[in-house]
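For reference, the structure is listed below as C-alpha cells.
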Amino acid sequence: MKKVEHIGIAVSDFSAACDLYEKLLNTKVYKVEEVDSESVRTAFLQSGPNKIELLEATNADSPIARFIAKKGEGIHHIAFEVEDIKAEMSRLKQEGFILLNDEPKPGADNKLVCFVHPRSAGGVLVELCQEVGSH
Ligand code: ZN
C-alpha cells in the first residue's frame with residue numbers, strides 16, 4: 001500500500017456537512033461527484049497532502065444510509081492507495097480478509113476501488129483504490 005489516499009466520512013445533510021468541513025479545514029470542496037454503483041454523492045476536500053471524502057446516501061438502500069442508521073454520522077472508511085489493485089486484492093484474500101467485491105469497481109475521483117469487510121479488518125472498513133490509468 002502506498003499511502004492513506006483519503007478518509008471517508010458519512011454525512012446525513014450534504015450541504016450542511018460541506019459547509020462544516022469547509023470551515024473546519026479552511027478550504028473549499030473541490031469536487032462533487034455521484035457514484036451510482038454505491039448510491040452515494042461525494043464531496044472532496046484537500047487539506048495539505050490529505051484528502052477527506054464526504055459521503056451522503058442518494059437512496060435508502062445506500063450503504064451510507066445503512067451505516068448512518070446504525071452508527072450515525074462520522075468516520076466511515078479509510079482508503080489506501082495501491083499500485084496494483086488486483087494484486088493487492090488477491091494478496092488480502094490469501095491472508096484471509098473478506099473482500100466486499102470480487103472485481104475492482106469504479107469509484108469516485110477516477111479510481112478503481114475494492115472494500116474490505118470491517119469484520120475481517122479490526123472493525124475498520126478499508127478501501128483499496130488505484131488511480132485509473134496509472135497501471
Ligand atoms: Zn472512499
Side-chain angles (χ1 to χ4, degrees):
M1 311 236 184
K2 285 161 77 179
K3 60 167 187 176
V4 172
E5 212 285 330
H6 62 270
I7 294 174
I9 298 176
V11 307
S12 52
D13 181 333
F14 194 70
S15 67
C18 287
D19 283 352
L20 175 76
Y21 285 92
E22 285 183 339
K23 275 186 213 150
L24 181 68
L25 302 174
N26 197 24
T27 187
K28 294 284 173 202
V29 167
Y30 68 87
K31 186 188 232 180
V32 170
E33 189 181 345
E34 288 202 17
V35 183
D36 289 335
S37 60
E38 293 288 310
S39 303
V40 293
R41 180 176 299 118
T42 64
F44 287 91
L45 299 102
Q46 184 92 33
S47 173
N50 303 119
K51 249 159 68 179
I52 299 292
E53 174 186 36
L54 305 178
L55 303 120
E56 180 196 49
T58 52
N59 68 50
D61 293 328
S62 166
I64 295 300
R66 294 201 301 268
F67 177 88
I68 286 180
K70 243 180 28 196
K71 300 191 171 169
E73 288 187 300
I75 292 180
H76 177 257
H77 65 268
I78 299 181
F80 294 94
E81 186 178 344
V82 299
E83 200 89 52
D84 180 343
I85 193 166
K86 284 197 168 174
E88 204 60 31
M89 285 168 71
S90 64
R91 183 184 73 82
L92 291 177
K93 228 187 245 174
Q94 271 174 9
E95 293 283 5
F97 290 93
I98 303 163
L99 305 183
L100 291 177
N101 40 300
D102 288 331
E103 290 292 323
K105 57 181 179 178
D109 207 23
N110 200 38
K111 300 278 195 292
L112 282 174
V113 305
C114 173
F115 286 92
V116 181
H117 200 295
R119 200 170 63 224
S120 66
V124 177
L125 177 60
V126 172
E127 176 185 351
L128 308 177
C129 58
Q130 178 190 334
E131 188 91 25
V132 173
S134 78
H135 199 80

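Ligands are counted one by one from 1 in listed order, and the atoms in each one are counted from 1 as well. All heavy atoms count here, side chains included; hydrogens, waters and symmetry mates do not.
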Out of E127, E81, K111, which residue meets the side chain to side chain donor-acceptor pair (under 3.5 Å) rule with H6? E127
Checking one value in my table: which N/O/S atom of E53 lies closest to the Zn ion (ligand 1)? OE1
Heteroatom test (N, O or S) for H77 near the Zn ion (ligand 1), limit 2.8 Å: yes
So that I can check it, does any N, O or S atom in E5 come closer than 2.8 Å to the Zn ion (ligand 1)? no
Of all N, O or S atoms in H6, which has the smallest distance to the Zn ion (ligand 1)? NE2
Going by the angle between their ring planes, with limits at 30° and 60°, are Y30 and F44 parallel, tilted or perpendicular? tilted
If you measure from CZ on R41 to CG on D36, what distance do you get to the nearest 0.5 Å? 10.5 Å
Would you give the length of the straight line joining atom NZ of K51 to atom NZ of K3, rounded to the nearest 0.5 angstrom? 7.0 Å
How close do Y21 and I9 get, heavy atom to heavy atom, and via which atoms? OH-CG2, 3.5 Å
Name whichever N, O or S atom of E127 ends up nearest to the Zn ion (ligand 1). OE1
